[in-house]
Structure formats: C-alpha cells, structure tokens
Participant: 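I have a structure here, written as structure tokens, and I will follow up with some questions on it.
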Amino acid sequence: MKWSAGLFGLLGALLLGGCASLPEAERPTARTVAAFSLAQPNGDLPGGWKPWRLSKLKRPTSYELVDYNGVVVIKAMSAASASGLAHPLDLDPRQTPILQWRWKVPRLIEGANNARRNAEDAPVRLVVSFEGDISALPLEDRLFFDRVRAITGHQLPYATLMYIWENQAPQGTVIPNPHTERIQMIVAESGSARTGAWKLEARNVYEDYKRAFGGSPGRIKAISIMTDTDNTGATAEAYYGDIAFMTVAEHQRISLAPAPPEPGAR
C-alpha cells in the first residue's frame, strides 16, 4: 500500500477528531455541539471545540471567529494547507439522527476531485466519527487499522462519515475514501450554483450511515470541520455557522440561528 501525504493528513484529522488518543475513562461526554454564534469575535473557541494540526510538515489552515454582519461564525482560510477543528461528543444517532448546519463557500477549489487521491481537497467538510467493534471487521480492514496504529500510535475511529462540497459529483453521491472503506464521503453540495451564499444543510446521519456502510451506526464520538487544499496546492476561503444534532421532531419545529445577512442586503 502506498502511503501518500494526503492520507497522512486525513489520518491525523480522523485520529484527533475522533479522540482516539484518549483512554475510555477520559473520553468526553458532551451531548451538544457548542455554538459558534455564542462566542466572541476573535475570541476563544466555544465549549469543546479545539484546533488540531495534522502534521508539523503540513501548513495549518487558519480558523478564526469573526463577526459576519452581526452573527459570529468560523472563517477558514486555506493555502496549500490542511488542518481543522474538532469537538468530542457522545451521542446515540438513533435518538438524534438529524445533523443540521450552515456553511458558505465563496468559490470552489479549481481541480479538486474527491474521487482522486491526488486531488482530494474540499472547501468545506463536516466529519462525523463513530464507535464500533473493530475486531468484527474484515481482515483487510483490520490490517489497515493495525498499520495506522503502528505508524501513529493511535486507533482510527471504527467508521467515519464526511460531508463535503464537491466540484462535480452529484448531490447525495457516496464517495469511498481511496484508502479505506471505513471512511465514506457524502456529497452534501455540488457545483458552483450555490456558492457565494449561506446554505442551510440537514442530513439524517443514521440513514446516511446505513446507506454508506450497510449497517446501523454505533455512538457518535466526535464532529470536526476541515477546509483543505494540500493536494491541489490551491487557496480557499470558507465559513461555518452553528452545527447541531437533533431529533426528527426537533428538526421539524426548530432551526439554527438565522443566516448572517450578506453585505448590502436589506
């Protein structure tokens, strides 16, 4: 197996985003995702959010809390870089299956293609990590996990769903990671038609997991965001609003904080 630089970056994201380095007794038990909108511009990250750097050899993406026309959001700036923000969780996706968030992409990354390992970049990603019985996986998957643990000293999450904004693949497409089937990407948005404006997204994580992996998910152990351009060497700007897990009933009656108005909007 060829271990590319892009794979090492992704492994770092998943390991840290999935709290793999924490002993079982020390794992956080957060039931909600801390809201960016309740933080202060240029202030500390709210609640359980923490930055992670994939490698000392990789340039980190810049993340900062900014006031976007009256609403505090995360602004990401990437220049041939890859890093993210991670928030540990302990959630049952059967009880809170709806993942809802806002994001904004001013423009796509030219040449990015998540079906190709050498062009696997995205202006925005939401990464959901799940627990499960690794010993029950097929031999090939267990060997992959063993290789990762031998190199990094940490255990990969049992399974990972990654919601992305893709250049070409149609919305709803499931794209397997080129290195392992335990990481599945789902195209939440595609193409440039909706760039330049805030987009509210809602996905049923429980159903998406069953479609991507063919079985029911274990508990959700972390949510992460990542803007990366390390494979294409390009630059990207992106914005993330509040992120929340909720029940189906809650999703039917409540929503996230309103999207920030665009400059000049009345």
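Residue indices begin at 1 and follow the sequence shown.
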Participant: Could you tell me which residues satisfy salt bridge (Lys or Arg N to Asp or Glu O under 4.0 Å) with R194, sequence neighbours excluded, listed by chain and number?
Facilitator: E189
Participant: Is there a donor-acceptor contact under 3.5 Å linking the side chains of K104 and Y68?
Facilitator: yes
Participant: Quick one: which of W103, W101, W165 gives a side-chain hydrogen bond (donor to acceptor under 3.5 Å, both in side chains) with E201?
Facilitator: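 Result for side-chain hydrogen bond (donor to acceptor under 3.5 Å, both in side chains) with E201: W103.
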Participant: Rounded at 0.5 Å granularity, tell me how far CG in D90 sits from CD in E131.
Facilitator: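 It is 6.5 Å, given to the nearest 0.5 Å.
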Participant: Cut-off 3.5 Å, side chains only: do Y63 and S83 have a donor facing an acceptor?
Facilitator: no
Participant: Which of these passes ring pair (Phe, Tyr, Trp, His ring centres under 6.0 Å) with F130: Y209, Y206, F213, Y158?
Facilitator: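 When ring pair (Phe, Tyr, Trp, His ring centres under 6.0 Å) is applied between F130 and each of Y209, Y206, F213, Y158, only Y209 qualifies.
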Participant: Below 4.5 Å, heavy atoms only, C-beta onward: do N118 and N231 meet side chain to side chain?
Facilitator: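 A side-chain contact under 4.5 Å is absent here.
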Participant: Taking the side chain as C-beta and beyond, is there a heavy-atom pair between L38 and P46 under 4.5 Å?
Facilitator: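 They are not in side-chain contact.
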Participant: Do side-chain atoms of T247 reach the backbone of E250 as a donor and acceptor pair under 3.5 angstrom?
Facilitator: yes
Participant: Sub-3.5 Å donor-acceptor pair from the side chain of T229 to the main-chain atoms of A234, do we have one?
Facilitator: yes
Participant: Taking the side chain as every heavy atom from C-beta outward, state whether V73 and L65 have any atom pair closer than 4.5 Å.
Facilitator: no
Participant: Have T61 and T227 got a donor and an acceptor in their side chains that come within less than 3.5 Å?
Facilitator: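 Side-chain D/A pair, T61 to T227: absent.
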Participant: Do Q184 and M162 have side chains that approach each other closer than 4.5 Å (heavy atoms only, starting at C-beta)?
Facilitator: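 Answer no - side chains too far apart.
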Participant: Do I225 and V127 come close enough that some side-chain heavy atom pair is under 4.5 Å?
Facilitator: no
Participant: Quick check: do V71 and F36 have side-chain heavy atoms less than 4.5 Å from each other?
Facilitator: no
Participant: Check side-chain hydrogen bond (donor to acceptor under 3.5 Å, both in side chains) between D208 and all other residues, then give those that pass, not counting sequence neighbours.
Facilitator: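 Partners of D208 under the side-chain hydrogen bond (donor to acceptor under 3.5 Å, both in side chains) test: Y163, R203.
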Participant: Restricting to salt bridge (Lys or Arg N to Asp or Glu O under 4.0 Å), what partner residues turn up for E64, sequence neighbours left out?
Facilitator: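 Testing E64 for salt bridge (Lys or Arg N to Asp or Glu O under 4.0 Å), a comparison that skips the adjacent residues, returns none.
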